[in-house]
Amino acid sequence: MSAGLDYYLGTDVVPEILEQAKLTAEGRENFEFFVVDGPTIPAAEESIDLVCGFSLITHLLDEEVFELFQDTARVLRKDGYGIFSFVDFSRHKGLFLAHARNYKERHDVLKFFEPETLQFFAEETGFDVVEVIPNHQVISRPENDDILLDGKPAPESIRFGHCLLVLKKR
């Protein structure tokens, strides 16, 4: 079994999502959750080792993603990592076409990116791009006895529908 987390900070703009997260993490004193109203991380400078944003930048404008990367660089310690999922336009053209047909009814931004754009944002905000992992690539984890919050063993491998961008702070 892994040693666990020293501290976990969860944020979202949707309070109901955070309420569900609080229920999942019930009894874990080292977990905190905050409702935010934009791409900001409520943490002190250089206080965090890892920032993850899954299905986050897919709902932000370019300028907001740039702002998020700036704030991620602010809160990460030197050599800290940022991992963000994104929808790659070149790999998700069918999804784009489906979204374009009814986006006005959804009232929700669904942003498609080219990896080069995100790499530019990352480099301009103090990151090196470690890896861009294509959607549906199988990611295997090292063999260990990690346990998820629900008490179940962690899967041996995962596959995301989104691409993953792995950044390292300079």
Once ring-ring contact (aromatic ring centres under 6.0 Å, His included) is applied, do any residues pair with Tyr81, and if so which ones, sequence neighbours excluded? none
Please tabulate, for side-chain N and O atoms in residues 73-80, each donor-acceptor pair with protein atoms closer than 3.5 Å (sequence neighbours left out).
from, atom 1, to, atom 2, distance (Å)
Arg74, NE, Asp71, OD1, 2.6
Arg74, NH1, Ala43, O, 2.8
Arg74, NH2, Ile41, O, 2.8
Arg74, NH2, Ala43, O, 3.1
Arg74, NH2, Asp71, OD1, 3.2
Arg77, NH1, Ser47, O, 3.4
Arg77, NH1, Asp49, OD1, 2.9
Arg77, NH1, Asp49, OD2, 3.2
Arg77, NH2, Ser47, O, 3.1

Listed by chain and number, what are the ring-ring contact (aromatic ring centres under 6.0 Å, His included) partners of Phe54, not counting sequence neighbours? Phe160
Extract all donor-acceptor atom pairs below 3.5 Å that involve side chains of residues 12-21 and protein atoms in other chains or at least two apart in sequence.
from, atom 1, to, atom 2, distance (Å)
Asp12, OD1, Val14, N, 2.9

How would you list, by chain and number, every residue that makes a ring-ring contact (aromatic ring centres under 6.0 Å, His included) with Phe120, sequence neighbours excluded? none
Enumerate, atom names and distances included, each donor-acceptor pair closer than 3.5 Å involving a side-chain atom of residues 93-101, sequence neighbours excluded.
from, atom 1, to, atom 2, distance (Å)
Arg101, NH1, Leu97, O, 3.4

Can you say whether the rings of Phe84 and Phe69 are parallel (under 30°), tilted (30 to 60°) or perpendicular (over 60°)? tilted
Please report the closest heavy-atom contact between His162 and Ser85, naming both atoms and the distance. ND1-OG, 3.3 Å
Residues Asp128, Arg170: salt bridge by 4.0 Å N-O rule: yes
Neighbour count above 12 (heavy atom, 6.0 Å) for Glu131 CD: yes
is_close_aromatic(Phe113, Phe86), centroid dist under 6.0 Å: no
Minimum heavy-atom separation for Cys163 and Arg91, please, with both atom names. SG-CD, 3.7 Å
